[in-house]
Amino acid sequence: MDSKRRDFLKIAGLSAIAGIAVPSAFNSLLKGEAVASEHGEAAAANAAAGAHGAAAPTGKRWGMVIDVKKFAANPGLAEKCVSTCHAIHNVPDFGNKKDEIKWIWVDSFEHVFPDDSSQYKKPEALESMPFLTLCNHCDNPPCVRACPTQATFKTKDGVIAMDYHRCIGCRFCMAACPYGARSFNWREPRGKNADGQPFIKEINPKFPTRMRGVVEKCNFCVERLTIGQIPACVEVAAESKALVFGDLNDPASEVSQVLKTTFTIQRKPSAGTHPSLFYII
Amino acid sequence: MYGKGRIIPALILFLGVMTSPMWYKSGDLSKLPKPEKPKDYKECVAPTAFMRTSHMVLLNQWRDNILREDGARIGKTANGTEYVRSLQNGCMKCHSDKKKFCDTCHNYASVKPYCWDCHLQPKEAM
Ligand code: SF4
Ligand code: SF4
C-alpha cells in the first residue's frame, strides 16, 4: 500500500513538472523565433528607407525664433508681448512672486541659459538684455511623459497643449519641465485681492479662465493657429521682426530660412527636450 | 408578531416619510423646469430630444475632437447654418442667458456641472 502511494506521488510530481516546463519551453522557443523575425523586418525596413537614424519628419512643427538683440533695441516690446498674451488668455495676476502665473515672461541671461559655460566671461551687454521666455513646445516633452492623466499632450502640429478638464493638479509636469514654463493656480483665478481688485483685470469673454488647483502654461495660441492667425506675441513683435514664427518642418518657411542663415541657441540642449524655440543673441 | 401594534404603524410612517419627496411633487406638472428657448434662433445643432439627454456628451466630444484630433472648430446644422463648436462661443451665442436656460434644468435635477468654473457666461459680472 505504502509503495503504491510513493509511486503515485512520483508520477504526480513528474507530470506536474512536465505540465509546467514543457509549454513554457515551447513558448520561449516560439517567442525566440518571433523576436528574430522582428529584427529581420526592422532591418529590412531600415535598409528600404536607406536612412541612418530617424526618418525625415512629416507634418507641421510650429516653432519660433526669438531675436534678443531686436528686443534690446526696442525697449518695452518684450513687456508688451507679455501683457498682450496674459490679457487675451485671462492669466491672473496675484500680485506676488510666490503665486505668480506666467505663460510668457522676461528674464535675465543667467536664468534663461544657466548652463552656459561662458557665463563668467561674457559680454556685459548680455546683462541688460531682455530674454523673452515661454514654453519651448519641446519635440521630446518631459511634461507630457510625466502627466498621469494625459491632460498635457502634444498635438499633431507639435504644440504642447493642455486639457484643463483633465488636470488633477498633481504638478508632476512642473517637476518634469526643465524650464519652469508651468504655473500652478494656488488661488482662485477669478477671485479678488484684499483691496477688492479682481486678479484678472479685464476678462476676455472669448477665452475661458482656469480654476484653482490646475496647472497652466503657454498654448502657442492654438486657438488662433486653428483659425489661421499667428500667436499674439508674434503679432505684437511683427513690425520689428523680433519674433519669427512658422513651420520648422517646411524648409521654405521664414523661420527655417532664419535658422539656416543665423546662429541660434536653444535652452538647456543637454536636457534632450529638443525645444521648438531658438534664440538669436 | 411581538409588538405588532407599534411596529407596523411605525413602518408605515417610516415609508411615508422616506417617499414623501415623491408624493410631494407627483402629478404637479407646473413644477417641471421650463428652460427659456432662444427667440431669434429656431434650429439647434442636434434634435431637441438628443440635446436634452446628451448635450454633455456632445460637449465632451467637441472638446476631444478639436483639441486632440485636430477637428474643425466650425460645424453645420442639418439646415446648413454654421456654428462654432464651443460652449462659450457657440452654445451661449443663442442660449445667451445661463440662468434662464442651463440653470433651470440643472437646479431641478440637482446637478452641479463645473463648466462655469472656467468657462464664461455671456456678460458675466465678475
Ligand atoms: S518647455 Fe516645459 S512645459 Fe513646455 S513642452 Fe517643454 S517640458 Fe513641457
Ligand atoms: S498637474 Fe495636471 S497637467 Fe500637470 S501632470 Fe498633473 S494632471 Fe498633468
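Residue numbering restarts at 1 for every chain, and letters A, B, ... go by the order of the sequence lines.
Within the model, atoms CE of A:Met211 and CH2 of B:Trp116 stand 14.5 Å from one another, a figure rounded to the nearest 0.5 Å. Summarising the geometry, atom CG belonging to B:Asn60 is positioned 7.5 Å from atom NE2 belonging to A:His165; distances are rounded to the nearest 0.5 Å.
For chain B, the nearby parts of A:Lys206 are the backbone and the side chain; heavy atoms of each come within less than 4.5 Å. Contacts of A:Tyr164 with chain B are absent, with no heavy-atom separation under 4.5 Å from either backbone or side chain. Using a 4.5 Å cut-off between heavy atoms, B:Asp64 contacts chain A through its side chain alone, with no backbone atom that close. Contact annotation for B:Asp70: only side-chain heavy atoms (C-beta onward) come within less than 4.5 Å of a heavy atom of chain A.
Between A:Asp163 and B:Arg68 a salt bridge is recorded (basic side-chain N to carboxylate O distance below 4.0 Å).
If you tally non-hydrogen atom pairs under 4.5 Å between each of A:Ile227, A:Val214, A:Thr226, A:Thr155 and chain B, the highest count goes to A:Thr226. Of all the listed residues (B:Glu69, B:Arg63, B:Met92), the one sharing the greatest number of non-hydrogen pairs under 4.5 Å with chain A is B:Arg63.
Counted within 6.0 Å of CZ on A:Arg145, heavy atoms from surrounding residues, nucleotides or ligands total more than 12; the atom is thus considered enclosed. No more than 12 heavy atoms of other residues, nucleotides or ligands sit less than 6.0 Å from atom CZ of A:Arg212.
Listed in order of number, the residues of residues 72-91 of chain B that approach chain A to under 4.5 Å between heavy atoms are B:Arg73, B:Gln88, B:Asn89.
Residues A:Asn90 and B:Leu120 have side chains in contact (heavy-atom distance under 4.5 Å, counting atoms from C-beta outward).
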